[in-house]
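These notes are about the structure you will find just below.
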Number of protein chains: 2
Amino acid sequence: MQSQVNRRSARPRPSSAVTLQQVAQDAGVSLATASRVLSDSDRNVTQELQERVLEAAARLRYVSNAPARALVQSTTSIVGLVVHDVNDAYYSAIAAGVMEVARDHKLLVMLAGTFHEPGLQVEYVARLRAQRARAVILAGSGFTGGSPALTQELDAFTAQGGRVAAVAHQGLAVDTIVPGNREGGRAVAEHLAGLGHTEIGVICGPLALVSVQDRLHGFLERAAELGVVVTEHHRVEADFTRDGGRAAAVRLFRRSPGITALFALNDAMALGALAALRDDLGRGVPSDVSVVGFDDLPVACDVTPALTTVRLPLEEIGRRALLLALGDATASPRTLDVPSRLVVRASTTPPPRVTG
Amino acid sequence: MQSQVNRRSARPRPSSAVTLQQVAQDAGVSLATASRVLSDSDRNVTQELQERVLEAAARLRYVSNAPARALVQSTTSIVGLVVHDVNDAYYSAIAAGVMEVARDHKLLVMLAGTFHEPGLQVEYVARLRAQRARAVILAGSGFTGGSPALTQELDAFTAQGGRVAAVAHQGLAVDTIVPGNREGGRAVAEHLAGLGHTEIGVICGPLALVSVQDRLHGFLERAAELGVVVTEHHRVEADFTRDGGRAAAVRLFRRSPGITALFALNDAMALGALAALRDDLGRGVPSDVSVVGFDDLPVACDVTPALTTVRLPLEEIGRRALLLALGDATASPRTLDVPSRLVVRASTTPPPRVTG
DNA sequence: AGCCGCACTGAAAGCGTTTTCCCATTGCGC
DNA sequence: GCGCAATGGGAAAACGCTTTCAGTGCGGCT
C-alpha cells in the first residue's frame, strides 16, 4: 500500500556511471578483454577487438572507476600535500613545484590545509593513509622536538607502503629536504654587520618551528662571530604573517628605538615591518632602518624599497620533495640540502650617521 | 631451482595495511559488527562490543580503506578544485576559501592546475569523474563561447551524480558564481573619468577569457557614457601575469605616450605595469600616470604607491562556490552574484597639468 | 595425419568495505 | 505461559575492477 514509488530502487541508484561491463557488452567482448585493452595490461588483444573496445569506451565516455581500481591494485595515483596556510605565497610556490611534477607523472594532488593546527596535520595524514595515497609531502616546517602523534601516524603510513617527504622537519624517519635556513641566516648577519650595523632587531616567527630556529641560530651564530651581539631584548616573537610582523616591529621599536637594522625571519613579516615603519613609526627605509626578509617571495621586488632577502628556490623545493617521495624507496630516508642565497636589494644600506 | 626467495609472494604483498577483518578478529566480533561500529551506521551495537571494537581499532591504528568504501557507497568525500595557476594569488585566495569549507564539511580537496592549457582542464575533470569526486569547482575563468569538450565532460560528471560550480564561466549548465567584473569595470571608468583623465590606456589579459571581457566591457561602456573614448589603439592584450603587464605597459606607452591613466585588468598586470613605469619608462605614479588594478590581492596595499583597485572577495567566492556545489541539487543550476567594490588608494590622482 | 604448443579469449576469484537478509535472543502484552 | 515485535549479531551479497586460470582454435612439426 506504499504510495511511494520505487522507494527500494530509488536509494541505490543515484549515479548512472558507465561501467566496464557495459563497455564490454557494447563492444561484444568479455569483461576481461575490455579491461586488458583499457588498462595498460601486458597481455595483448587482437587489433580487431581492441578497436571495438576503444570505440565503445569513447562512445560511452567511459572512465574507469578509480576507487575500484585502487581496491584491487591497492595503490592509487594520489599524493597528498600538507601545508599550513593555502593563502601564503610560500606554500603556493612549493605547491606549484609539486603540481608540476605531479602533472608529469600523471598524479593527482590532494591539498590539505592545517590552518596552523598541529592536530589537523595528523588527521590529514591519517585520511591520506585511508585514501591509500602513494605519497605525502609535509611542506610546512615541523616543530622542534617533533610530535609523537605525527611520528606514529607517519609510521603507519610508511608501513602501509606510503612514501613521505618532509620540508624543514626534524627527527622524522622520512625523506627530508633541508632548506639552507641556517646558512641564509648567517648570510644576513654577514651582510648587515658588513654594512656596519651594530644594533639589529630580529622579528621571529613561532620559536617552536624548525625553520625559525635554524634561521635565527644561523644569524645569531654568525653575528656573534663578527662581534655583533643581539640580546634577547632585541628579539620578538610573533605570528609568521604580515600582521604578526607589523605588530612585532611596533613592539620592538617601542622597546629599543636605537635599532638601525631589522631582520624579519620571513618575507611576510618583513612586509608587515615595512608597513609598520612607514605607517606606524614614520621611519624611512633604508635611510633610518635597513630591513631584511627571508624566502624571496615574488612580492619582494615589488615593494618599495625592494626588499633585501634570502632566496629559497621554493618551486624547486616542491619539485624535489615530490621526486624524493617518488624515488627509490630502499634508499629512504634520505636528506637533501637545498642552498639559499642572499639577494641584496634596496632595503639595506649602512646605518645612518649618529647625530651628535 | 629458482634461487629467488618467494618471488611469487613478494609481488602482491607490498602493503600491510590493517583491514576491518583484522580489527573484527582482534575484537572477537564479526566483520559486520565491526563495520557498524566504525562506520556511522544506523544500526546499534551493544556498549560492550562497541568498546571492544573501538579499542581494537585504536590499538591497530585502523583507518578504513577509502577506495573500498567509495566502491560500495559509490561516492567519496573528495572535491576537485581546478585552477589555472597554483602560484597565482588570485587562485590561492579562492583556494583558501574552498579549503575552509572543505575542512568544516570533512571533505578532501584535490587540486588540479591546468597550467593554462584548456586540454588539461578537460582531462582533470575526467579524472575527477573517475575518482567519483563529489563536486568539482572550476575556479579559473572560462572562455567566451565555451568549450564543447568541457561541456560534454561536465555533462558526464553531473550525469553520474557529481556537482559542479564554476566561477566566471558562461554557457555551462552548472551552478555559477558571477563576480562583479562588469560592475567593477564601470566603477573604474567612473573613478578615472571623475578625476579628469581623458586619455586612458587599458592593459587586457587574454580577450578570450570571460572575466577579461566583462571587466573590459564594463569599463568601456561606462567610459563611453561619460564621454571618454578608449580607442583600440589604447588597448593591449597580454598574458594575465605580472610579466605580461610589464611588457604590455612598455608597448602601450611606446605607442601612445600621452596616456595619463592606466587600467590593468588584474592586479598582477598592474604590478608589472608599475614596475615598467618605474624601471623601464621612468614615469612617476601617480604624478605622471595613474594606475588601477583589479582583484585587490593582498599585495596591492604593500606596493608603493598603494594600488587603487577593485576588490573581489576571493575567499568568499571560494567558500560560496563550494557551498553552492554542496547545496540542494534540485535547485541547480543557479547563479550567484558576488559584488565588487572600488578601493581607492594612492596610485590614482587627477592627471598632471598639460605643459605648455 | 596427429600432436604439441602458442596466442588469444572468457569465466571466475578476490580486493575491503557496507548493507542486506536471516537467525537467535529478549522483553512485552495478553 | 505463549506468541509477537523488537533488538542485536553474523553470514553473505554486492560494488567495479584486475588478474589468474582454464579453455579454445590455430599453425607447425614429425
Side-chain angles (χ1 to χ4, degrees), chain A residues 7-9 11-53 57 60 62-77 129-132 160-161, chain B residues 7-9 11-53 57 60 62-77 129-132 160-161:
Chain A
R7 194 199 295 163
R8 160 170 234 104
S9 71
R11 179 60 79 180
R13 287 288 112 214
S15 87
S16 66
V18 178
T19 72
L20 186 56
Q21 183 65 261
Q22 294 173 35
V23 174
Q25 213 147 0
D26 195 87
V29 300
S30 78
L31 188 58
T33 303
S35 170
R36 287 197 265 259
V37 173
L38 294 173
S39 64
D40 43 353
S41 162
D42 41 359
R43 294 281 306 265
N44 33 8
V45 174
T46 340
Q47 178 97 18
E48 155 79 15
L49 294 188
Q50 193 157 342
E51 280 171 10
R52 291 226 306 264
V53 171
L60 300 175
Y62 169 77
V63 289
S64 106
N65 184 321
R69 205 173 182 149
L71 181 55
V72 48
Q73 312 206 123
S74 72
T75 183
T76 62
S77 53
R129 171 156 71 100
Q131 294 291 334
R132 300 300 185 262
Q160 170 189 291
Chain B
R7 195 198 294 160
R8 163 169 230 103
S9 71
R11 178 61 79 182
R13 288 287 112 214
S15 88
S16 65
V18 178
T19 72
L20 185 56
Q21 185 64 261
Q22 294 173 34
V23 173
Q25 212 148 358
D26 194 86
V29 301
S30 78
L31 189 59
T33 304
S35 171
R36 287 197 263 259
V37 173
L38 294 173
S39 65
D40 45 352
S41 159
D42 42 359
R43 291 278 306 264
N44 32 7
V45 174
T46 347
Q47 179 100 16
E48 153 80 15
L49 294 189
Q50 194 159 340
E51 280 170 10
R52 292 226 306 266
V53 171
L60 300 175
Y62 169 78
V63 289
S64 104
N65 183 321
R69 204 170 185 152
L71 180 54
V72 50
Q73 312 204 123
S74 70
T75 183
T76 62
S77 54
R129 171 157 71 101
Q131 295 290 332
R132 298 302 185 260
Q160 170 190 291

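Sequence lines set the chain letters: A, B, ... in the order given, protein chains first and strands last, and positions in each chain run from 1.
Within 4.0 Å of A/S64, counting heavy atoms only, lie sugar-phosphate atoms of the nucleic acid but no base atom. Residue B/S35 is in base contact, counting any heavy-atom pair closer than 4.0 Å across all strands shown.
Comparing B/R43 and B/L71 against DNA chain C, the residue whose closest nucleotide sits nearer the 5' end is B/L71. With the nearest nucleotide of DNA chain D identified for both B/S30 and B/V72, B/S30 has the one nearer the 5' end.
Nearest heavy-atom pair, A/L71 versus B/A68, reported as atom, atom and distance to 0.1 Å: CD1-CB, 3.7 Å. The shortest heavy-atom contact between A/T19 and A/Y62 is C-CE1, 3.6 Å. Residue B/V18 comes nearest to A/R132 through the heavy atom pair O-NH2, 4.4 Å, listed as atom of the first residue, atom of the second, then distance. Contact detail for A/Q22 and A/A17: the closest heavy-atom pair is NE2-O, 3.8 Å. Taking all atoms of both residues into account, the shortest heavy-atom contact from A/S39 to A/R69 is CB-NH2, 3.5 Å. Residue A/A130 comes nearest to B/S64 through the heavy atom pair CB-O, 3.3 Å, listed as atom of the first residue, atom of the second, then distance.
Atom-to-atom, CZ of A/R132 to P of C/dC15 comes out at 14 Å; the value is rounded to the nearest Å. Between A/L31 atom CG and C/dA13 atom P there is a gap of 14 Å when expressed in whole angstrom units. Whole-Å rounding puts the A/Q21 CD to C/dG10 P distance at 12 Å. Rounded to whole angstrom, the span from the CG atom of B/N65 across to the C1' atom of D/dC15 amounts to 13 Å. Following rounding to the nearest Å, B/L20 (CG) and C/dT18 (C1') show an atom-to-atom distance of 9 Å. In this structure, A/R129 atom CZ and C/dG16 atom P are separated by 15 Å, rounded to whole Å. Atoms CD (B/Q131) and C1' (D/dC17) sit 14 Å apart, rounded to a whole Å.
Partner of A/V37 under the side chain to side chain contact (heavy atoms under 4.5 Å, CB included) criterion, chosen from A/V45, A/L49, A/L20, A/V29: A/V45.
Here C/dT18 is the nucleotide among C/dT18, D/dG10, D/dT19 with the atom lying nearest to any side-chain atom of B/S39. For A/A68, whose side chain is taken as the heavy atoms from C-beta onward, the closest listed nucleotide among D/dG10, C/dA12, D/dG16 is D/dG16. With C/dC8, C/dG10, D/dT18 as the choices, the nucleotide that has an atom nearest any side-chain atom of A/N44 turns out to be C/dC8. Of the candidate nucleotides C/dG10, C/dT17, D/dC17, C/dG10 has the atom nearest to the side chain of A/V29.
The salt bridge (Lys or Arg N to Asp or Glu O under 4.0 Å) contacts involving residues 34-43 of chain B comprise nothing, where partners must be two or more places apart or lie in separate chains.
Between the CZ atom of B/R129 and the CG atom of A/N65 there is a distance of 11.0 Å, given to the nearest 0.5 Å.
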Between the protein and nucleotides 25-28 of chain C, are there any N/O to N/O pairs under 3.5 Å, and if so, what are the atom names and distances?
none

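Dashed line: the shortest gap from a side-chain N or O of A/Y62 to OP1 or OP2 of D/dC17 is under 4.0 Å. Within the structure, a side-chain polar atom (N or O) of B/R69 is placed less than 4.0 Å from OP1 or OP2 of C/dT18. Dashed line: the shortest gap from a side-chain N or O of B/T33 to OP1 or OP2 of D/dG10 is under 4.0 Å. Put simply, B/Q73 has a side-chain N or O that comes within less than 4.0 Å of OP1 or OP2 on C/dT19.
For the segment residues 45-52 of chain A, the set of residues with a heavy atom within less than 4.0 Å of an atom of DNA chain D is empty.
Interface remark: the B/R36 side chain does form a donor-acceptor pair with the D/dG10 base, using a distance-only criterion of under 3.5 Å.
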